[in-house]
2 protein chains.
Amino acid sequence: MNDQVPVGERVAETLRRRITEGHLAPGTQLRDVALAAELGVARHTLRSALRLLEYEGLLTYQMHKGVIVKTLSTLDVREIYRVRRTLELSAIEHSALVTEADLSRLDATVRAAELALAGQEWNRVGTASLRFHQALVALLGSSTFDQLFRGVLAQLRLAFALMPDEQTWQSPWISRDREICDLVCGGGRDSAKALLWQYLDDSERGVLDVVRRNGTEVPKSNQPNSVRQVPTGVRQEV
Amino acid sequence: MNDQVPVGERVAETLRRRITEGHLAPGTQLRDVALAAELGVARHTLRSALRLLEYEGLLTYQMHKGVIVKTLSTLDVREIYRVRRTLELSAIEHSALVTEADLSRLDATVRAAELALAGQEWNRVGTASLRFHQALVALLGSSTFDQLFRGVLAQLRLAFALMPDEQTWQSPWISRDREICDLVCGGGRDSAKALLWQYLDDSERGVLDVVRRNGTEVPKSNQPNSVRQVPTGVRQEV
DNA sequence: CAACCTAGGATTGTGGAACAATCTGCGTCA
DNA sequence: TGACGCAGATTGTTCCACAATCCTAGGTTG
C-alpha cells in the first residue's frame, strides 16, 4: 500500500551498490547530467540521491566542483575504526542481556562466512565477515547504530576495493571471527573484547597500509586543489 | 572562497532551529510549496532541506502525504536513550586517554550550565546541560559520533518542547552533571559511569512520562491517519 | 439515517528547461 | 616563463508542468 519507495532512494541504492562493489573507483567524478541520463531520472532526483550518499560518507561534495567517490584518507580510516571499536566493544558488553536467539543469529553469520571460505567464493568472504560484525552491533538493539554501522562498513569497502588481492586479505579473519563469536556466545565477554580489540588493531593497520600506499601514488596533476576532506563533511558550529 | 554553503543546508539549519526551539510543534505538517514561498527558495531546494532533516530524525516522511515534525513515540525515546547510554558511557571509559585540555573544556560546559541556572535563564539551562553531554561524547574524538549525537539531542528537544514547565524539569539535572563531571575529571570513572547510568534512567523515565501523557490525549476525532494540525507557529507573509 | 461510492480539489512526487554562479582550460600578451 | 582574461563546461537554483495520490464534501442507495 504505502510502502512505496521514492525514486531517489532507489537510485541511491543502485549507486551505493556500484560503489561498494568497486564498479566506481574512489576518486571518480560523477557528472550529474550524464548520470541522470544514464539512470533515466531527472537531474534533481539524481542529486537528491547523491546528497544521501554524501551523508552516508560514500561521496564527497565540493561546491561548484561536483561530487566524487570518496577516497579514504588515513584520518577517515582511523575514524572508521574508532567507530567500530566503540560500537563493537559496547555490543559485546551488551551481549550479556540478549536472548539465545540473538546469539544463534550471530553464530549463523560466522557459519555463512566459513561456508563462503570453504567454497572459495572469495568475493563473498569479505561481505560475510562484515555481516558478522554487523550482527554483533545489532546486539545493541539500536536501529540508529545499525544504520550508522551500515554506512561505516560501506565506507570500509571503499578501501577493500583497493586491495591488491582481496583473497589473501580476507581469508585470515574468518577464524578470528569464529573465536570471538564463540567467546561471546559462551559468556567469555572480557576475552572476546580483548580479542576483538586486537583484531580491530590489526585490521586497521592493514587498511591503513593500503590507503597510504594508494594515496601516495597520486597521479601527477592534482596536488594543489586536492579534495578538501573534512572528515565527514559536517559543518560544525554548535 | 570555497566554504560557501548550499542554500538547502542553510534552509535546513533555520528549520532545525525552528523545530528544536519549539516554534514548530511536533505533528505540524509542513506544506512544501507554502514553506518554500515563505523562505524564498525553490520547492526543490526546500525539499532537499527536508530530506536532510528527515535523515536526522527530526521529520517524518510519508509517501504522498508529506512531512510532519516528528512526534516521538515511546519507542523513539527508548532508542534515543539507548544511543545516549552507549555513547556517553563509552566516552567516560575513553576519558582515561584524553588530554587535560579536553577535560577542562568539559568542565567549562558544566560551569556554563551552572551560570545559566544561577542567572535563572531557564531556557538556556536545558541547552547548556545538553552541551555538557555533547562535550562528554566529544571525548571519544569521533566526528561521526559528534554528528550523530547532535541529531539525537535535537530529537530529544522535541520532547522538551512538550514539557509542561521546562523550568522545574531542567533545574535538577545540573548538579548531577557537576557530580559526573568532577568524577570524570578526577579519574573516578566507574563511579561516574554508575551515576550517569542512574541519571539516564531517571531522565528517560521523565521523558517517557511526558511523551506518553502527550500521546494518549488524542483529541476527539479518532481518524486513523489524521495528523494533528497545530495551527502553525510560522508567520505567513507571502 | 448510515454506509458506501464518487468526483473534484489539494498536495505531493518527478520531470524538463532555463539561467546565474562558478570552475577550468587555453590562448594572449607582456 | 608567467600573469591575465576570456569562453566553454559544469554545477546550483529557480520556475513551470503534469501525473499520482490523498482528502473531503457531497450525493446515492439501501
Side-chain angles (χ1 to χ4, degrees), chain A residues 1-15 27-55 59-70 219-228 233 235, chain B residues 1-15 27-55 59-70 220-232 234 236 238:
Chain A
M1 319 286 276
N2 232 344
D3 51 339
Q4 24 187 339
V5 57
V7 179
E9 294 194 20
R10 234 174 348 205
V11 171
E13 177 55 34
T14 78
L15 286 180
T28 307
Q29 177 139 188
L30 303 181
R31 235 84 37 49
D32 60 5
V33 54
L35 249 190
E38 185 199 329
L39 297 176
V41 299
R43 209 149 75 94
H44 285 297
T45 309
L46 177 84
R47 287 175 126 267
S48 104
L50 295 183
R51 292 298 278 296
L52 248 182
L53 296 180
E54 180 209 9
Y55 202 92
L59 299 179
T60 303
Y61 249 88
Q62 268 190 301
M63 194 63 163
H64 286 126
K65 292 233 205 125
V67 276
I68 64 175
V69 180
K70 182 161 186 170
K220 50 198 166 179
S221 63
N222 44 357
Q223 218 36 300
N225 238 349
S226 83
V227 181
R228 208 166 43 98
R235 335 244 170 228
Chain B
M1 316 258 119
N2 229 345
D3 51 338
Q4 28 188 338
V5 56
V7 179
E9 293 195 21
R10 231 169 357 201
V11 171
E13 178 55 33
T14 80
L15 286 180
T28 307
Q29 175 138 190
L30 303 180
R31 237 64 76 21
D32 59 5
V33 53
L35 249 191
E38 186 204 326
L39 297 176
V41 299
R43 210 151 75 91
H44 281 299
T45 308
L46 178 85
R47 287 174 128 268
S48 102
L50 295 182
R51 291 296 281 291
L52 246 182
L53 296 180
E54 181 210 9
Y55 205 90
L59 299 179
T60 303
Y61 250 89
Q62 270 186 301
M63 193 64 163
H64 288 280
K65 294 231 205 127
V67 275
I68 63 176
V69 179
K70 183 161 187 171
K220 48 197 164 182
S221 64
N222 237 352
Q223 289 135 357
N225 248 342
S226 100
V227 173
R228 254 173 5 104
Q229 262 289 34
V230 181
T232 183
V234 186
Q236 284 292 39
V238 177

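Protein chains get the first letters and strands the later ones, always in sequence-line order, with residue 1 at the start of each. Only heavy atoms go into these numbers, but all of them, side chains included; no hydrogens, no water, no symmetry mates.
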Original post:
Can you tell me how far P of D:dA17 sits from NE2 of B:H44, to the nearest Å?
Top reply: 13 Å

**OP:** Specify the closest pair of heavy atoms between B:L52 and B:E9, including all atoms of both residues, with the distance to one decimal.
**Re:** CD1-CG, 4.1 Å

Subject >> Non-hydrogen atoms of B:A49 and B:A12 that approach each other most closely >> reply: CB-N, 3.7 Å

Subject >> Nearest to side-chain heavy atoms of B:D32, which nucleotide of C:dT14, D:dT11, C:dT12 >> reply: C:dT12

**OP:** Measure the distance from CG on A:L46 to P on C:dA17 and round it to the nearest whole Å.
**Re:** 16 Å

Subject >> Student check: side-chain heavy atoms of A:L59 and A:V69 closer than 4.5 Å >> reply: yes

Subject >> Within residues 35-42 of chain A: residues closer than 4.0 Å to DNA chain C (heavy atoms) >> reply: A:G40, A:V41, A:A42

**OP:** Among D:dT10, D:dC22, D:dC15, find the nucleotide with the atom closest to the side chain of A:R31.
**Re:** D:dT10

Original post:
If you measure from CG on A:D32 to CZ on A:R43, what distance do you get to the nearest 0.5 Å?
Top reply: 4.5 Å

Original post:
What distance separates B:L15 CG from B:L35 CG, expressed to the nearest 0.5 Å?
Top reply: 6.0 Å

**OP:** Would you mind telling me which residue lines up with the more 5' stretch of DNA chain C, A:R43 or B:R51, judged by nearest nucleotide?
**Re:** B:R51

Original post:
Rounding to a whole Å, what distance do you find between A:Q62:CD and D:dT10:C1'?
Top reply: 14 Å

**OP:** Apply side-chain contact (heavy atoms from CB on, under 4.5 Å) to A:S48 and list each qualifying residue two or more places apart in sequence or on a separate chain.
**Re:** B:R51

